[in-house]
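Heads up: the structure comes next, in structure tokens.
Read the numbers this way: they start at 1 and go in the same order the structure lists the ligands and their atoms. Computed from heavy atoms alone, side chains included, the values below leave out hydrogens, waters and symmetry copies.
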Amino acid sequence: MSIFSKHFPLGLGTSRFPILGPDDTEGIEQSIELVCKALDSGISYVDVGYNYSAGMAPFVLKEAFRQASRPFSVTAKVMHGQDRTADDARRRVELYLKTMGLEKAEYFTCWTIWNYGIFEDIMKKGGIYEGALQMKEEGLIDHICCSLHAVPEDILKIIESKAFEGITISYSILNAVNMRPVLDAAHANDIGVIVMNPLGGGVIAQNEDYFSFVCRDEEESTVHAALRFVKAHPAVDIVLGGVKSEEELKDSLSVFAKPDPELPKERLKRVMSSIAELKGFCTGCKYCEGCPEGIPTAAIMQARNALLFEPVAAYNRTEPEELLHHIQMFRPLLHDEGWIPETAENPCLQCGKCEKQCTQKLNIIDAVADTYRRAQQTYFTKQAHKERLRELLYEKGYTKVGLYPNGGFSNLIIRLYEEFFGEPEFEWLQFNSDPKMWGQMADERLVHSPEEIPQLKPDLVLICTYKYDQDILDSLRPYEEYGVKLEKLHRAEEMPWVF
Ligand code: SF4
Ligand code: SF4
């Protein structure tokens with residue numbers, strides 16, 4: 001039994017509501033109706049982030065919760081980096097609750113722990129975890145949980161710390177071999193498990209034929225079978241499904257409303273042995289590790305599984321295919337493994353050690369060479385990032401440089417610039433379109449409204465985000481008449497610097 005055992009096995013993800021923006025009243029109304037239907041159907045766990053569905057998800061939930069006639073549980077999330085101290089965590093939770101019109105949240109989530117170092121920071125005296133403990137004592141929250149994007153080794157250490165009663169992890173056929181020890185450990189420790197990305201971020205739904213081995217028989221759809229596979233591990237309590245229409249909601253509900261037609265234990269065993277037989281597919285078993293040049297062969301090979309499938313749209317990009325493949329391939333390497341090569345020069349000695357150990361007999365040497373070639377093509381190296389910052393900012397005679405918006409990208413730019421070139425001669429300014437951020441301190445710097453641009457007069461405003469960079473550039477065009485230069489950080493062929 002875990003803290004999530006009482007919930008319906010399908011949880012409601014709220015990041016894909018059909019909302020275009022704060023003024024899209026039709027989309028907001030539809031989304032409220034969708035949540036009401038989900039709650040009426042028995043879904044009882046709701047996952048929400050403040051920025052989900054164009055930042056409108058919390059507002060949608062407020063109205064849906066007001067109308068709800070059945071019990072529901074929601075989580076308040078605090079992200080390390082954006083918040084650091086116990087006081088920050090409290091402020092964030094209070095803001096969540098106020099936005100959703102709630103007195104308390106059953107669950108508190110330390111959101112997106114990328115590695116063990118971040119976990120240690122969260123646990124420091126006066127840090128986010130201490131804030132969570134205080135809130136739990138006061139009854140503002142009931143359970144302390146986390147969502148993890150770390151490598152399995154780090155997740156295992158975090159589970160063993162017993163700091164969290166529940167975890168949210170990415171788990172699907174794509175990483176099942178790798179994540180098995182994590183699930184086994186959570187189960188052994190009665191830690192509740194919520195699964196995000198059960199369809200591998202859309203890859204499985206888009207490549208149904210390739211993954212049809214997951215189906216029990218011809219009657220079963222690949223998507224349904226993949227969802228049942230995820231739930232088949234006894235550690236998994238809830239599978240999160242982000243829905244954008246009533247049709248999608250009904251379809252997901254149909255999977256979990258009845259017991260699995262195949263015994264979960266048997267499904268787990270059958271699918272796991274089929275994964276090992278997939279041609280050209282890296283299972284993530286890691287037998288190839290131990291490269292004398294420090295090349296993360298297993299991580300690279302697993303990330304390259306993306307090249308076997310049709311690419312899915314990502315970060316507001318729908319083409320070209322090659323860029324989408326690169327995003328899917330390099331994302332787990334940077335986001336989950338923290339790996340980005342120093343330069344595009346391939347250090348492989350072709351000693352063959354990795355290939356000799358590979359259980360799938362994969363051509364690792366060629367794959368590593370191809371990965372470095374692709375890294376060069378897409379500027380996915382530290383050297384390429386340094387050159388880009390030199391080109392944009394170094395010795396340009398600027399006195400003020402604006403970063404838009406503040407957050408993960410702007411923090412990285414400041415850190416990298418100072419690492420590469422030392423203290424800048426110019427002052428950093430931060431801008432954000434979200435009125436809630438204006439006048440707030442974020443990473444010790446004040447956040448300004450874009451309307452302050454004429455008065456603050458930055459020489460350059462650098463659009464750091466990836467997803468909406470063109471939209472932001474267009475919205476800032478009127479400020480060019482004040483002599484402000486506008487630039488996008490990312491080049492056309494490039495991937496996000498932060499995933
Ligand atoms: S062949 Fe290359 S990648 Fe493989 S272990 Fe040797 S140096 Fe590392
Ligand atoms: S040994 Fe082969 S299958 Fe296993 S992680 Fe390495 S490349 Fe992948």
Side-chain angles (χ1 to χ4, degrees), residues 115 148-156 169-185 197 200-201 203-204 207 210-211 213-214 226 229 233 268-309 311 325-326 328-378 380-383:
N115 54 49
L148 294 150
H149 291 276
V151 292
E153 292 74 10
D154 282 3
I155 299 182
L156 284 169
I169 51 167
S170 281
Y171 173 57
S172 70
I173 319 166
L174 298 181
N175 66 354
V177 174
N178 234 350
M179 292 304 279
R180 189 74 189 263
V182 166
L183 290 166
D184 292 346
N197 294 324
V203 171
I204 295 165
N207 296 276
Y210 186 92
F211 292 105
F213 67 88
V214 74
F229 165 75
H233 193 289
L268 197 57
K269 197 169 152 209
R270 177 178 60 77
V271 175
M272 291 303 271
S273 58
S274 303
I275 289 173
E277 283 162 23
L278 278 178
K279 214 167 172 293
F281 187 83
C282 166
T283 62
C285 67
K286 300 190 178 175
Y287 285 111
C288 58
E289 282 193 338
C291 167
E293 288 300 298
I295 299 169
T297 48
I300 287 177
M301 295 305 289
Q302 217 188 352
R304 288 177 61 89
N305 282 339
L307 302 175
L308 298 171
F309 319 121
H325 262 146
H326 287 149
Q328 273 173 282
M329 179 180 144
F330 287 113
R331 184 182 188 279
L333 286 169
L334 181 65
H335 188 277
D336 305 342
E337 302 286 329
W339 185 78
I340 173 169
E342 288 294 329
T343 71
E345 204 174 315
N346 177 11
C348 174
L349 307 168
Q350 306 199 350
C351 68
K353 186 170 174 260
C354 53
E355 286 193 359
K356 268 188 226 127
Q357 321 260 30
C358 179
T359 49
Q360 300 289 93
K361 306 280 171 260
L362 301 178
N363 297 326
I364 302 177
I365 295 175
D366 288 351
V368 165
D370 181 65
T371 302
Y372 276 88
R373 182 192 63 73
R374 289 172 188 267
Q376 178 167 33
Q377 183 188 342
T378 53
F380 184 71
T381 67
K382 283 191 186 159
Q383 190 183 38

### Summary
K286 heavy atoms within 4.0 Å reach ligand 2 at atoms 4 (Fe), 5 (S)

### Message
Suppose the cut-off is 2.8 Å; how many protein N/O/S atoms fall inside it around atom 8 (Fe) of ligand 1?
### Response
1

### Message
Show the atoms of ligand 2 that are less than 4.0 angstrom away from any heavy atom in C288.
### Response
1 (S), 5 (S), 6 (Fe), 7 (S)

### Qualifying salt bridge (charged side-chain N to carboxylate O under 4.0 Å, His left out) pairs, either residue in residues 334-343, two or more places apart
E342-K382

### Query
In the protein, what heavy atom is nearest to atom 2 (Fe) of ligand 2, and what distance, to one decimal place, separates them?
C358 SG, 2.4 Å

### Task
Keeping the roles fixed (side chain from E355, backbone from I364), state whether a donor-acceptor pair exists under 3.5 Å.
yes

### Task
Grab the two heavy atoms, one from T297 and one from C288, that are nearest each other, plus how far apart they are.
OG1-O, 3.2 Å

### Message
Just so I know, are the side chains of L362 and R304 near enough to count as touching, which here means a heavy-atom distance under 4.5 Å?
### Response
no

### Query
Is the number of heavy atoms from other residues, nucleotides or ligands within 6.0 Å of CD (Q357) greater than 12?
yes

### Query
Of all the atoms in ligand 2, which lie at a distance below 4.0 Å from a heavy atom belonging to A298?
5 (S)

### Query
Of the non-hydrogen atoms in F380 and I340, which two are nearest, and what is the gap between them?
O-CG1, 3.7 Å

### Query
If you count the atoms of ligand 2 from 1 in the order shown, which ones are under 4.0 Å from a heavy atom of T283?
3 (S)

### Whether N305 side chain and F281 backbone form a donor-acceptor pair below 3.5 Å
no

### Task
Measure from atom 4 (Fe) of ligand 2 to every heavy atom in A299, C285, C282 and give the option owning the shortest one.
C285

#### Entry: Proximal ligand 1 atoms for Q350, defined as those under 4.0 Å from one of its heavy atoms
1 (S), 2 (Fe)

### Query
Does any N or O in the side chain of N207 come within less than 3.5 Å of the main-chain N or O of V203, such that one atom is a donor and the other an acceptor?
yes

### Task
Using a 4.0 Å heavy-atom cut-off, say whether M301 meets ligand 2 through its side chain, its backbone, both or neither.
side chain

### Task
Give a yes or no answer on whether the side chain of R270 reaches the backbone of F213 with a donor-acceptor pair at less than 3.5 Å.
yes

